[in-house]
Amino acid sequence: MLRVSLTGPESTGKSTLAAQLAAHYGTSFAPEFAREYLAQSGPHYTPEDLEEIARGQLAAEIAAAARASNGLFFCDSDLLVIKIWAEHSFGSCPEWILRTIDQQQYDLALLMGIDLPWEPDPLREHPHLRQHFYDLYRRELSERMANFAEISGSDDRRFAQARFLVDELLRTAVQPTTSVLEEPRMAYHPTHYTLNTLACQATFAAHGAELTSLRTTADDLEYIWPADPAVWARHAPVLFPLVGRLPEDAYSYEGRAYKLPQHGFARDQEFAVVRQTATELVFRLQHDETTRAVFPFAFELTITYTLRDTELTVRWDVRNPAADAPLLFSIGAHPAVRCPLMPDEKFEDYYFEFDHPVTLERHLLQGGLLTGQTAPVLTEQQELPLSYDLFADDALVFKHYDFSGLTLRSRKSAHFVRFQFDGFPYLGLWTKGPGASFVCVEPWHGIASAAGKPGDLSEKEGILTLEPGQVFTAAYTITVG
């Protein structure tokens, strides 16, 4: 049974929306017990009253679960409201309520925005503190909830937003076998996670913390390459702790020799999910004995995906948790966009558009290693037409270019993909070859090694060094339309 909670400050439409959703999905909802209780006892209350209200709210949820149909029910208010209410009014919350909140498992929480007009009511107390309380709710939900969303706008817009989120929950959720009367259920670890806005949906795999889909909802158009194993079996791998290739896939550090494959190992690791809301997903990877065998450094890599409208922000935070040793690494992106996007187009109908005329010189590769040679690509031009011949000699690799974004466009349709990558010293553009219906835009903090013999990692171009306790942060965005 799926449980959806509506929570937030006073006079934000929780009761109205809970009733609307229950009617729409043909199921039950647990009403706000506090209103029933205070209507009988009066607006003045004690800490003991709040405990009675908490018990009544739990009983209302159990009753709603017993009446529920279609696999879900809704809760108008929850114990988080009691916690914030008690702490504001009396400075603390009873320990049993805090334990119960920790044990509760809501599948989705809808945080109601304060942009509705305040409606006076004898049982409402704080018309001038709604922003203060809203911030408290958001902080609590960010720390406690695996899946919550902020709901705002008119009543009709709130209803539409909530239906969209609940529909997605019903589509993706795995039904647990326990009831609300049983012990808290075991944690479920899916292999894929989804973020949603009204305009867009993004899907990610825990394997490699990889973006696997970015789809606009109005036209159901997919922008990410589907990882056809017959062509190239990846979508958008994260390159860590290495970008590019090493000579003989080998390096040394402090007198010891190590082997590390092209682009490192993160893309083939299982990441832990730290937090998920409707529009934000946080993955984390940490060193272990396996990584130490090929990369003798302690590290913590956190990847945060945030979806706003049709813009996806990808943020990396690399931390050195060691007490007395540096962390040497590189990190880069490798997202593959479908090209062409439409069935009546071909690869050659597309081009990269820059924000201003650019002069580009590529650094040539052979066997994945830099040769030391360069070749001109553009001279004071604003468009780079795509063709498979352009990539006949491997990826286009640029160093220290003078732009921070580019847009993939078609000459036959209005669809586009915009990449913004401020502060990245290296950039790669790549496709597999004739017949590969994708192109990759790859902002890097790191680059392939020069051809030659394996060398010391500290001397490799593009290697970043973090001292103990330091954190490196970088981000880029993908916008589709």
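Every value quoted in this text rests on a predicted model; they were computed, and no experiment measured them. Hydrogens, waters and symmetry mates are skipped; everything else that's a heavy atom, side chains included, is used.
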### Message
Taking the six-membered ring for Trp, are Phe204 and Tyr305 closer than 6.0 Å centroid to centroid?
### Response
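They qualify: ring centres under 6.0 Å apart.
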#### Entry: Check: Phe159 ring centroid to His24 ring centroid under 6.0 Å
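Yes - the distance between ring centres of Phe159 and His24 falls below the 6.0 Å cut-off.
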### Cation-aromatic face contact Arg338/Phe438, 6.0 Å, 45 degrees
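No, a cation-pi geometry is absent between Arg338 and Phe438.
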### Query
Between Arg256 and Tyr253, is NZ or CZ placed under 6.0 angstrom from the six-membered ring centre and within 45° of the ring axis?
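That pair does not qualify as a cation-pi contact.
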Those residues that, when tested against [X], pass salt bridge (Lys or Arg N to Asp or Glu O under 4.0 Å) (two or more places apart):
X      : value
Arg319 : Glu300
Glu87  : Lys83
Asp456 : none

### Query
Does a side-chain heavy-atom distance below 4.5 Å link Thr12 with Tyr134?
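The answer is no, as the side chains (C-beta and beyond) never meet within the 4.5 Å cut-off.
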### Query
Applying the side-chain contact (heavy atoms from CB on, under 4.5 Å) test to Val274, which of Thr304, Leu281, Val282, Thr302 qualifies?
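Going through the options one by one, the only one that passes is Val282.
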### Task
Please determine which of Trp444, Trp316, Phe421, Phe419 meets the ring-ring contact (aromatic ring centres under 6.0 Å, His included) test together with Tyr476.
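Single pass found, and it is Trp316.
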### Sequence neighbours excluded, every pair satisfying salt bridge (Lys or Arg N to Asp or Glu O under 4.0 Å) that has a member inside residues 417-429
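Listed once each, the pairs are Asp355-Arg418.
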### Query
Who pairs with Asp135 by side-chain contact (heavy atoms from CB on, under 4.5 Å), at least two apart in sequence or on another chain?
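Only Gln131 meet the side-chain contact (heavy atoms from CB on, under 4.5 Å) criterion with Asp135.
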### Task
Identify, with sequence neighbours excluded, every residue that meets side-chain contact (heavy atoms from CB on, under 4.5 Å) alongside Arg234.
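If we apply the side-chain contact (heavy atoms from CB on, under 4.5 Å) test to Arg234, skipping adjacent residues, the hits are Glu210, Trp232, Pro237, Arg267, Asp268.
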For [X], what residues pass the side-chain hydrogen bond (donor to acceptor under 3.5 Å, both in side chains) criterion, not counting sequence neighbours?
X      : value
Arg245 : Asp249, Gln262
Thr197 : none
Tyr25  : Asp167

### Message
Applying ring-ring contact (aromatic ring centres under 6.0 Å, His included), can you list everything that pairs with Tyr426, at least two apart in sequence or on another chain?
### Response
His400
## Note on the structure
Hits for ring-ring contact (aromatic ring centres under 6.0 Å, His included) against Phe271, two or more places apart or cross-chain, chain-then-number order -> none
Just checking, is any N or O donor in the side chain of [X] or [Y] under 3.5 Å from an acceptor N or O on the other one?
X      : Y      : answer
Glu32  : Gln57  : no
Asp317 : Thr473 : yes
Gln366 : Thr371 : no
Gln201 : Thr217 : no
Gln420 : Thr479 : no

#### Entry: Lys/Arg-Asp/Glu bridge criterion (N-O < 4.0 Å) met for Glu461, Lys399
yes
### Task
Check the pair Gln470 / Asn320 against side-chain hydrogen bond (donor to acceptor under 3.5 Å, both in side chains), numbers first and verdict last.
CA-CA 6 Å; Gln470 287 186 338; Asn320 180 3; over 6 Å; no
### Task
Give the intermediate values and the outcome of side chain to side chain contact (heavy atoms under 4.5 Å, CB included) for residues Leu108 and Ser5.
CA-CA 6 Å; Leu108 172 65; Ser5 168; over 6 Å; no
### Task
Measure the acute angle between the ring planes of Tyr258 and Tyr251, then classify it against the limits of 30° and 60° as parallel, tilted or perpendicular.
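Judged by the thresholds at 30° and 60°, the geometry between Tyr258 and Tyr251 is parallel.
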### Task
Quick one: sort the Phe265 and Phe299 rings into parallel, tilted or perpendicular, breaks at 30° and 60°.
tilted
Side chains of residues 321-337: which donor-acceptor pairs under 3.5 Å do they make with residues two or more places apart or in other chains?
| residue | atom | partner | partner atom | Å |
| --- | --- | --- | --- | --- |
| Ser330 | OG | Gly462 | O | 3.1 |
| His334 | NE2 | Glu442 | OE1 | 3.4 |

